[in-house]
Amino acid sequence: MRKFSSKVKELAGRAESKLSAQFAIYEDIALSNTEKVLRAFQENRVSDTHFSGSTGYGLGDTGRDVFDKVIADVFGKERAIARLQLSSGTHTIATALFGVLRPGDTLLSAIGSPYDTLNGVIRRLNEFGVLYRETPLLPNGEPDINGIAEASKNVKAVLIQRSRGYSERPALYPEKVSEICNIVRNVNKNVIIIVDNCYCEFVDVQEPDCDLLLGSFIKNPGGGLAPTGGYIAGRGDLVEAASYALTAVGSENGASLNVNRLMFQGLFFAPHITAQALKTVTLASAILEELGYSVTPSPFDRRADIVQAIKFGNKSDLLKFCQGIQKGSPIDSFAIPEPSAMPGYDCEVVMAAGTFIQGGSVELSCDAPMRPPYTAFLQGGLTYEAGKYGIMTAIEGLP
């Protein structure tokens, strides 16, 4: 890496020497989750015959149907649908909500305001007569357990977003989600608990106990190979209800378009790729903390998602860092990201992402809403080596 200054090389070297024990933790988690994925493949007798795809309606797509069963087993749920037709995490969440909520029902967000792009989904639910309210977070960014319990008494569904999104709050560990679930069920045994699991799959050895678990395959579980898609896993009747919101005729529809192999293979790689992403963002956390920037999580904190928040405090440094991430990417390294208006956001957003999959957030990327305190949200890294290269390139561009 002779292109880097001695300062940047020394920063990276010191950070790596301090993080060896932390990296070993990520590798142990990846080993445990790989065993879980392998067991699901083996118990469902996955064969190369399941790699064939379907077109049109997708009727009789045995590969797709077996993949559904594998996803259900990996996440410890009764049933799952995994469909290419779910184009993003937001689309997946919207599909589940429109599938299980009806006019007059109330949806409660347990973690304050959810991720920006869900605001549009909530507005559309309101138009269909679904009510919405949220429980604000505590001043320290943690969920208000008592407030959630009180607010959950007369609602149909509770939505829990595990990842931080574009916020300063910490991501939620599986046991914290389970605590919220237990509190909610104690006051409302008929409630539907829905967990947005985006950015969080395989970061821990456990996955949340909930009625519906939702995620995107262009994030962790797709392993950098799935070209698109999302999953809805959980209680069988709720999964089926969500499938009708997606296809209008239920879970037997949804062509796989000859990409079943990529879905299976991406899931197989996912625990390892997630560990690579964790190592990458932890390295960034250590270097930027040494440079004096405020980072969350800190380098030695336990992590619940693959997102690293870096508070730059000014627009110039934030923009230079994002442009450096783009410059260090394998795809479109020549592009220069600039802030622009984005659907679903209340301010301009800069997005650096030289990714093989458009919007593939498990690959090294960096997003930032252009508003004080000018915080960048870094995520992903398909390989630690390339992730390290990208981080060092971005650091080189800082003053």
Side-chain angles (χ1 to χ4, degrees), residues 75-77 89-90 92-93 96-97 100-101 105-119 121-122 125 130-215 219-220 233-234 238 294-298 301-309 311 369 373 375 377 379:
F75 293 116
K77 303 304 179 191
T90 301
T92 303
I93 297 164
L97 294 177
V100 303
L101 295 172
D105 289 342
T106 299
L107 171 67
L108 171 71
S109 171
I111 49 79
S113 297
Y115 195 72
D116 298 54
T117 53
L118 277 180
N119 291 329
V121 176
I122 292 166
L125 286 167
V130 175
L131 306 176
Y132 171 79
R133 60 178 187 258
E134 56 191 44
T135 302
L137 296 167
L138 296 171
N140 64 358
E142 292 289 338
D144 180 357
I145 298 298
N146 293 330
I148 294 168
E150 182 63 30
S152 299
K153 290 180 179 177
N154 297 301
V155 303
K156 179 66 176 289
V158 173
L159 175 64
I160 304 171
Q161 178 185 298
R162 283 191 67 193
S163 184
R164 66 174 61 241
Y166 285 169
S167 73
E168 297 296 315
R169 75 164 180 86
L172 301 181
Y173 303 121
E175 61 267 26
K176 176 59 72 172
V177 176
S178 294
E179 180 186 357
I180 295 172
C181 292
N182 290 335
I183 290 291
V184 169
R185 286 172 177 144
N186 283 339
V187 299
N188 185 349
K189 62 184 178 182
N190 296 316
V191 72
I192 300 170
I193 300 176
I194 304 169
V195 174
D196 171 6
N197 209 29
C198 288
Y199 299 104
C200 300
E201 298 93 345
F202 304 122
V203 173
D204 208 303
V205 295
Q206 301 174 352
E207 298 294 343
D209 173 25
C210 57
D211 298 302
L212 283 177
L213 188 69
L214 318 171
K219 299 181 176 69
N220 306 21
L238 300 178
S294 175
V295 298
T296 54
S298 294
D301 287 346
R302 179 187 173 194
R303 291 177 180 261
D305 65 6
I306 62 168
V307 180
Q308 177 65 49
K311 190 182 297 183
T375 301
F377 297 90
Q379 58 265 325

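Under 4.0 Å is where a charged nitrogen must lie from a carboxylate oxygen, and between Asp204 and Arg303 no such pair does. Contact check on Asp211 versus Arg185 returns a salt bridge, with a Lys/Arg side-chain nitrogen under 4.0 Å from an Asp/Glu carboxylate oxygen.
At least one side-chain heavy atom of Ile111 sits less than 4.5 Å from a side-chain heavy atom of Leu172. Side chains of Leu108 and Val191 form no contact here, defined as non-hydrogen atoms less than 4.5 Å apart. Contact check for Val203 versus Ile306: side-chain heavy atoms found under the 4.5 Å cut-off. Here the side chains of Pro114 and Glu134 are in contact, with some heavy-atom distance below 4.5 Å. Taking 4.5 Å as the limit, every side-chain heavy atom of Asp196 sits out of range of all side-chain heavy atoms of Ile160.
Atom-to-atom distance recorded for Arg162:CZ and Cys198:SG is 11.0 Å, nearest 0.5 angstrom. Within the model, atoms CD1 of Ile122 and OG of Ser109 stand 6.5 Å from one another, a figure rounded to the nearest 0.5 Å. To the nearest 0.5 Å, the span separating OH on Tyr115 from CD1 on Ile93 amounts to 10.0 Å. For the atom pair Gln161 CD and Asp305 CG, the distance stands at 9.5 Å (nearest 0.5 Å). Atoms SG and CD1, on Cys181 and Ile193 in that order, are 4.0 Å from each other to the nearest 0.5 Å. Taking CD of Glu175 as the start and CD1 of Ile180 as the end, the distance is 11.0 Å to the nearest 0.5 Å.
Using a distance-only test at 3.5 Å, with no hydrogens or angles considered, a donor-acceptor pair links the side chain of Asn220 to the main chain of Tyr199.
The two residues Ala233 and Lys77 make their nearest non-hydrogen contact at CB-CG, 3.8 Å. In terms of heavy atoms, Asn188 sits closest to Lys153 at ND2-O, 3.5 Å.
Enclosure of atom CG in Asn186 by more than 12 non-hydrogen atoms of other residues, nucleotides or ligands within 6.0 angstrom is indicated.
Applying the ring pair (Phe, Tyr, Trp, His ring centres under 6.0 Å) criterion to Phe377, with sequence neighbours excluded, gives Tyr166.
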